[in-house]
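Presented below is the structure to which this report refers.
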Number of protein chains: 2
Amino acid sequence: RDSRSSSSDDEKEGNGGGIPIFILSDGTGWTAEHAVNAALGQFDYCLIDGVCPVNTHLFSGIDDVDKLMEIIKQAAKERAMVVYTLAEPSMAQSAKQACQHWGVASNDILGPLTEAIAGHLGVSPSGLSRWAPERQKTPLSEEYFRRIEAVEFTIKQDDGALPRNLDMADIVLTGVSRTGKTPLSIYLAQKGYKVANVPIVMNVDLPKTLFEVNPEKVFALTINPVVLQSIRRARAKTLGLNGELKSNYCDMAYVKEELEYARKIFAQNPVWPVIEVTAKAIEETAVIVLRLYHDRKNRCSMPRISKRY
Amino acid sequence: RDSRSSSSDDEKEGNGGGIPIFILSDGTGWTAEHAVNAALGQFDYCLIDGVCPVNTHLFSGIDDVDKLMEIIKQAAKERAMVVYTLAEPSMAQSAKQACQHWGVASNDILGPLTEAIAGHLGVSPSGLSRWAPERQKTPLSEEYFRRIEAVEFTIKQDDGALPRNLDMADIVLTGVSRTGKTPLSIYLAQKGYKVANVPIVMNVDLPKTLFEVNPEKVFALTINPVVLQSIRRARAKTLGLNGELKSNYCDMAYVKEELEYARKIFAQNPVWPVIEVTAKAIEETAVIVLRLYHDRKNRCSMPRISKRY
Ligand SMILES: Nc1ncnc2c1ncn2[C@@H]1O[C@H](COP(=O)(O)O)[C@@H](O)[C@H]1O
Ligand SMILES: Nc1ncnc2c1ncn2[C@@H]1O[C@H](COP(=O)(O)O)[C@@H](O)[C@H]1O
Ligand SMILES: [Mg+2]
Ligand SMILES: [Mg+2]
């Protein structure tokens with residue numbers, strides 16, 4: 001839905017005809033961007049055909065009030081709204097007032113949530129931004145390095161490489177080509193899970209280790225054949241006819257046969273949940289996998305994904 | 001800072017001593033989780049030493065009011081606060097009222113932002129959640145597949161593999177071992193950029209192509225030697241003494257020499273920005289790279305990262 005666009009001075013600072021939304025942060029801006037992305041999902045119906053195109057503009061590392069004012073004035077000039085996360089209460093206050101003063105619609109993502117959490121925890125927020133020099137720099141945590149290790153592990157296991165390492169994985173994904181194993185693996189890895197994925201190809205033996213690991217950590221992916229065919233066609237186009245793919249890779253008969261071949265393997269391994277990925281975004285499949293993964297580990301009366309901070 | 005923890009019935013549904021925060025979504029919950037993560041940054045000072053440990057519990061796919069009520073009652077029982085994103089206004093309203101009724105602190109991440117954007121765009125939100133059957137399913141977009149392609153490209157180029165493909169990358173990262181090239185590449189790839197990374201190893205020739213590609217897309221990473229040594233030591237421990245690493249990999253003299261060797265290469269290529277990654281999280285380095293990348297492409301009067309929806 002979104003796409004990187006150019007912005008240049010001669011196109012009115014790159015609004016390129018879209019309605020501008022300014023995203024401001026004293027940190028990276030990724031949190032506010034994520035929230036704006038989700039909210040824009042509510043306007044899909046009018047974004048899609050370009051009826052109300054939107055341009056977001058991310059300004060990160062806004063650490064003093066002068067920069068802040070300059071950007072809000074620019075927002076007024078470009079008729080943008082402003083969505084912000086500013087840890088320092090006086091900065092957030094200034095943003096709010098300046099937006100009111102310049103007639104700019106605005107929304108504070110961080111303030112209300114931080115206040116609510118402060119009340120809940122019974123302690124005060126530090127008011128220090130991610131990059132504040134005063135912030136007692138917490139050394140990057142063990143968990144942080146664990147996540148990086150998970151990414152590196154996952155890359156090395158991609159596409160069935162190193163089947164001897166399947167037992168070291170937290171999660172093993174399996175399915176035919178173009179069911180999204182690779183991007184799903186990477187998405188999960190960034191959340192700290194070591195993932196291995198094992199492709200199923202008709203009449204190619206699967207690694208023995210796939211049947212030796214704890215079946216509770218194996219997740220099977222399946223997809224509608226018509227959709228799979230179209231994804232494979234797109235891929236064949238991208239890769240070109242350089243012989244990397246089998247000649248029948250996109251044939252409907254072959255696609256169906258291969259899915260059926262996979263289905264039989266799944267049926268022989270009834271502990272593996274079979275997840276239908278058709279029309280699901282990676283992050284959607286990811287939450288389904290993780291819900292099952294945590295349920296199986298914890299057998300909670302009320303299924304949930306729990307984390308400790 | 002966070003770590004996956006177990007939750008089980010016998011530990012009071014897994015609060016494990018931490019103050020519980022419930023995260024509720026009719027979608028995946030990742031948006032609300034991201035916001036909670038950022039807000040918890042304001043309480044680092046008391047989270048770190050476990051003075052006020054927090055447990056988050058993610059409940060995704062909450063698509064009917066009965067489930068919603070059940071979870072809010074459970075939140076009351078566990079003395080949790082509730083952070084939610086619910087696209088359907090009646091669901092959001094029910095959540096708010098139920099929380100008030102049961103004395104549960106709550107925060108709506110999506111509602112106020114969606115309203116503000118609706119006012120700005122001059123159109124109404126659909127009120128349909130990510131998984132609503134009524135939602136006219138927008139087929140996964142070109143952009144979506146572009147992002148997946150970027151991830152697959154990036155994995156294949158990792159660690160200097162396929163140097164002949166450097167010209168196909170949007171961004172090329174270079175630096176000595178353990179400057180975070182791999183996780184940074186993957187992070188950027190998930191945002192849709194094709195990334196290649198080229199390791200610098202003392203007295204090992206760099207691929208010629210590194211000096212042939214547009215230098216404006218090359219980013220050099222550097223790090224404090226003391227920190228680098230400690231990261232390398234941790235890595236050596238993880239990898240074990242299996243001979244994958246040079247014997248002097250963690251020696252301070254070698255670490256310093258290698259960084260100096262890299263510095264000289266960077267000096268010979270003055271167009272490459274040199275980014276200091278010491279104590280920076282991946283997402284922080286990522287925004288620095290992308291800011292420079294977009295500035296160079298667009299030469300805007302006011303630096304920004306722009307996207308079109
Ligand atoms: N570890 C942290 N410590 C303090 N503030 C943080 C931390 N991480 C994020 N923030 C703040 O949370 C908001 C969102 O962060 P970001 O996603 O980097 O824009 C910003 O106001 C940051 O300053
Ligand atoms: N494409 C979309 N269309 C409609 N609603 C969405 C979309 N993506 C996310 N949302 C909503 O935005 C909120 C956050 O999404 P999530 O991060 O999946 O929890 C939820 O209320 C979702 O229902
Ligand atoms: Mg793959
Ligand atoms: Mg690497």
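Letters A, B, ... are given to chains in the order of the sequence lines, protein chains preceding strands, and every chain is numbered from 1.
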Please verify the inter-ring angle class for B/Trp30 with A/Tyr187; under 30° counts as parallel, over 60° as perpendicular, anything in between as tilted. tilted

B/Tyr144 vs A/Ile282 side-chain heavy atoms within contact, under 4.5 Å: yes

Among A/Gly122, A/Ser129, A/Ser124, A/Ala32, which residue forms the greatest number of heavy-atom pairs with chain B at distances under 4.5 Å? A/Ser124

Looking at B/Pro53, B/Gly27, B/Gly29, which makes the most heavy-atom pairs under 4.5 Å with chain A? B/Pro53

Smallest separation among heavy atoms of A/Ile148 and B/Pro183, with atom names: CG2-CG, 3.8 Å

Considering only heavy atoms from C-beta outward, does the side chain of B/Pro112 approach that of A/Asn107 to under 4.5 Å? yes

Only pairs of heavy atoms separated by less than 4.5 Å count here; which of B/Thr182, B/Val51, B/Thr154, B/Asp108 has the most with chain A? B/Thr182

Taking C-beta and beyond as the side chain, do A/Phe59 and B/Ile305 meet within less than 4.5 Å on heavy atoms? no

Separation between CD (B/Gln42) and CZ (A/Arg130), nearest 0.5 Å, reads 11.0 Å

Please look at A/Ile109 and chain B and tell me whether the side chain, the backbone, both or neither of the residue comes under 4.5 angstrom of a heavy atom of that chain. side chain

Chain A contact via B/Val54 - side chain, backbone, both or neither, heavy atoms under 4.5 Å: both

CD/B/Glu152: more than 12 non-hydrogen atoms of other groups inside 6.0 Å: yes

Heavy-atom contact with chain B under 4.5 Å, split by part of A/Glu283: both

Nearest 0.5 Å please: distance from the CD1 atom of A/Ile155 over to the CD1 atom of B/Ile155. 5.5 Å

Separation between CE (B/Met302) and CD (A/Gln74), nearest 0.5 Å, reads 4.5 Å

Looking at A/Leu110, A/Leu121, A/Ile23, which makes the most heavy-atom pairs under 4.5 Å with chain B? A/Leu121

For A/Ser106 and B/Ala116, which heavy atoms make the closest approach, and how far apart are they? O-CB, 4.5 Å

Quick check for you: among A/Thr31, A/Thr114, A/Val151, A/Asp159, which has the greatest number of heavy-atom pairs under 4.5 Å with chain B? A/Thr31

What part of A/Val83 is in contact with chain B, defined as an atom under 4.5 angstrom from a non-hydrogen atom: side chain, backbone, both or neither? side chain

Give the minimum heavy-atom separation between B/Arg308 and A/Gly18, together with the two atoms involved. NH1-N, 3.8 Å

Under the salt bridge (charged side-chain N to carboxylate O under 4.0 Å, His left out) rule, what do B/Glu149 and A/Arg178 come out as? Steps first, then yes or no, please. CA-CA 11 Å; B/Glu149 219 188 294; A/Arg178 293 294 103 181; over 6 Å; no

Most contacts with chain B, counted as non-hydrogen pairs under 4.5 angstrom, among A/Gly180, A/Ala286, A/Ala39, A/Pro125: A/Pro125

Check each atom of B/Ile186 against the heavy atoms of chain A and say whether the ones under 4.5 Å are side chain, backbone, both or neither. both

Under a 4.5 Å heavy-atom cut-off, does chain A meet the side chain of B/Glu70, its backbone, both or neither? both

Please determine, among A/Gly111, A/Gly61, A/Cys46, A/Ala118, the option with the most heavy-atom pairs under 4.5 Å with chain B. A/Ala118

OG1 on A/Thr28 to CD on B/Glu284, rounded to 0.5 Å: 7.5 Å

Check: A/Ile19 main-chain N/O paired with B/His120 side-chain donor or acceptor under 3.5 Å: no

As an exercise, state the distance from CD1 of A/Ile117 to CG of B/Leu40, rounded to the nearest 0.5 Å. 5.0 Å

Please step through salt bridge (charged side-chain N to carboxylate O under 4.0 Å, His left out) for the pair A/Glu33 and B/Lys307, ending with a clear verdict. CA-CA 10 Å; A/Glu33 188 191 57; B/Lys307 266 168 69 172; 3.5 Å; yes

Is the shortest side-chain heavy-atom distance between B/Ile231 and A/Phe145 below 4.5 Å? yes

Quick check on side chain to side chain contact (heavy atoms under 4.5 Å, CB included): which of B/Asn37, B/Asp44, B/Asn55 does A/Tyr309 satisfy it with? B/Asn37

Does any N or O in the side chain of A/Arg291 come within less than 3.5 Å of the main-chain N or O of B/Ser60, such that one atom is a donor and the other an acceptor? yes

